[in-house]
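Below, chains carry the letters A, B, ... as their sequence lines are ordered, and counting in each starts from 1.
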Amino acid sequence: MALNQSLFRLLPPLSFLFPYSIPSIFQRLGPNPLKLFIFPAPKFKFLTYYYSSLPLTLDRNLYNNNILHNVFEPESHYTSLLEKSTHKTHLNQVHAQLYAFGLQNNGFIITKFIHVSCSLGEINYAHKVFDEFPNPYVFLWNALIRGYSSHNMFIEAIEMYNKMQEVYVSPDCFTFPHVLKACSGLSAVEFGKAVHAQVFRHGLESDVFVQNGLVSLYARCGKIEMARIIFHQLDERNIVSWTSMISGCAQNALPSEALRVFGEMRQSNVKPDWIVLVSVLRAYSDAGDLEQGKCVHSSVIKMGFEFELDLRIALTAMYAKCGQVMVAKILFNEMDGQDVILWNVMISGFAKNGHAGKAVELFKNMMTRNIRPDSVTVQSAILACAHVGSLEQARWMDDYVYHSEFRDDICVNTALIDMFAKCGSVELARKVFDRAIDRDVVLWSAIIVGYGLHGQAREAIDLFYAMKSAGVQPNDVTFIGLLTACNHSGLVKEGWELFHSIRDYDIEPRHQHYACLVDLLGRSGHLEKAYDFIQKMPIEPSVSIWGALLSACKIFRHVTLGEYAAERLFSLDPMNTGHYVQLSNLYASARMWGGVAKVRVLMKEKGLTKDLGYSMIEVNGKLLAFRMGDKSHPRSEEIYQELEMLDRKLLEAGFVPDAESALHDLDMEDKEVSLCNHSERLAIAYGLISTPAGTTLRITKNLRACVNCHSATKLISKLVNREIVVRDANRFHHFKDGFCSCGDFW
DNA sequence: GTAGGGTTAG
């Protein structure tokens, strides 16, 4: 009788689900009576298996005895079981037991169950369990919303938030922090504002957790002013409020503002914890302030936070971003190297700071150590390949992606398109574009920019129309791609029209757009018009705008306007060698040798030297760099023989070297150097002797193509019957049959 | 049962 009574206490839900009367259940109880209770749960038939297999820790006799003696406390029992769970099979076993003992509608246990399932990454399972629960109340909704939000499944989190309101469950102060996080994760400020209104409607506006969520939402979405207003109204500002504000500024490219807020925080005697230091480090690294970054590093050690993994990763990132990649590598080596984000920091640090080759090496190293890369790792490795510029390396990367889980990752595909375009093959970029299933504005822009880089403006414009018919709205970068494409192809009319259509798409033209237009007008000889345009611009002209005007003045030998542009450049960007060289080139083209000398003095005064030119060529997957007059290569003799032969052929074909380039080069103190061994020519000669006939030569230069080499390369492509692809500091040139894809317009 | 942090495409 005692047994019956105890069981009855646990059984009521089953009596609804089961068509048999209670006595008949007992008649049917075999040697394993509990098994029978599994069946009422139609969605969880698999639980029979878990029930019949040995349960996790349940001692059935102990359990029965506990029931008999009325001391069984299911809530604490299952809380502790769930806390010990580390695998889905544990969840299955607990779940089976809950059904077996009729605890499947115990809100407390199910809330815990959902929470644990989510933290084990079994969110779909958690959702199914949630769906089985009759009329879930706010705790269960919160647990599920939290699960989605903490796994960056923001859309699902917001869907659940909407659904809970449809069934008239009121959100509470535990709901909003997660919903607000989801809004900021989606950058959905407008929706966030609606949620903000709901906060007031439910009278939760003075809850500090909710307030911090709001500060974080507005700050992370770039609405710093709004964040500040809420922040200043807070009655109680804790370290989380400060961190929300600081990280918001840091993430929105406002490092100095972030640091100012941090200063305020220190003034109000709030003690920093290690989490806030992560954002402070980010701010210092974005501001490029290595010295202050180092100070934070020493504070970290003083405060005893040096073993916090995430903080160490932030420190590594700081050194890497500030160009101290070798210091970063030391920190990297000190850690056990299992964390993917740590690898990402190091790979992108190498890739962006002139060690692209090392970045690729590190990625391969990671593969051999069986550490699973994520999408960011792959994107960083692809970026590294783009910087290396080796097409063979690029193909390897593409092959890797094609056979990996990242094949349909939109960001990875965008990076691949960019990589192929930068490695000289817009055709392969197009292949990636064609196979991409998902295409957003960034992916479309990548291929448009790619065509622009290669001077194929028609393709770029066609794709622009295709993009619009696919229902994708262009953005500011799309237009930069289109305008540079027009520049590189000399499509003045199209460029002009495109520029004037920017505002039709609700896009405010930025410096770069104006610079493109100045470039376009300037190159086509409309110098006065370009100057007029600069005068009438609604924004203050920047370095790139005056730079565009100066280089146009050089082409058309407009000295007075060029001098004016150069003056503006020298005041805005005094230490950039490029501007001085441009002005010197302008004087040289106008045969004003006095001017050339004047610039040289100016450069000496500032301690500036001309950047040395070099060219790289890829042969059999290996990159080789040549400097002007380089004789360091083991096959140097052969290279110079080939060079002489090329020169002879050029002369026979009637090639006349451009005297101006010669003069100004000599004037730039490269006295012993004649035209024929510009680094570009050396690379071509090496390519010719080390590859089979007909192979395309791929060359990368650090400077812009010089007039003389450009016309020589055109002719060489015809004489030796090779396609030669040259990437200069600005764009690609495809030389074939005596012509260049740029149409001599660069 | 709650909130803040590290890597990141054009």
With a non-hydrogen cut-off below 4.0 angstrom, is [X] in contact with a base, only sugar-phosphate, or nothing?
{"X": "A:R439", "value": "nothing"}
{"X": "A:D339", "value": "base"}
{"X": "A:H115", "value": "nothing"}

Applying ring pair (Phe, Tyr, Trp, His ring centres under 6.0 Å) between A:F479 and each of A:F499, A:Y505, A:Y514, A:W444, report the one that passes.
->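 So the option named by the test is A:Y505.
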Less than 4.0 Å between a side-chain N and a carboxylate O, is that true for A:R282 and A:D286?
->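 Salt bridge: yes.
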Considering only NZ, NE, NH1 and NH2 on the basic side and carboxylate oxygens on the acidic side, decide whether A:E405 and A:R372 come within less than 4.0 Å.
->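 Result for this pair is yes, salt bridge flagged.
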Spacing between A:W343 atom CH2 and B:dG6 atom P, to the nearest angstrom |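 Rounding to the nearest Å, CH2 of A:W343 and P of B:dG6 are 22 Å apart.
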What's the CZ-P distance between A:R372 and B:dT7, to the nearest Å?
->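 From A:R372 CZ to B:dT7 P: 22 Å.
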Please determine, for the side chain of [X], which listed nucleotide ([options]) has the closest atom?
{"X": "A:A446", "options": "B:dT7, B:dG10, B:dG4", "result": "B:dG10"}
{"X": "A:D310", "options": "B:dG6, B:dG1, B:dT7", "result": "B:dG6"}
{"X": "A:T414", "options": "B:dT8, B:dA9, B:dG1", "result": "B:dA9"}

Donor-acceptor pairs are to be reported for all side-chain atoms of residues 374-383 of chain A against protein atoms at under 3.5 Å, with residues two or more places apart or in another chain.
| residue | atom | partner | partner atom | Å |
| --- | --- | --- | --- | --- |
| A:D374 | OD1 | A:N344 | ND2 | 3.2 |
| A:D374 | OD1 | A:V376 | N | 3.1 |
| A:D374 | OD1 | A:T377 | N | 2.9 |
| A:D374 | OD1 | A:T377 | OG1 | 2.7 |
| A:S375 | OG | A:Q379 | NE2 | 2.8 |
| A:S375 | OG | A:D409 | OD2 | 2.9 |
| A:T377 | OG1 | A:N344 | OD1 | 2.6 |
| A:T377 | OG1 | A:D374 | N | 2.9 |
| A:T377 | OG1 | A:D374 | O | 3.3 |
| A:Q379 | NE2 | A:S375 | O | 3.3 |
| A:S380 | OG | A:V376 | O | 2.9 |

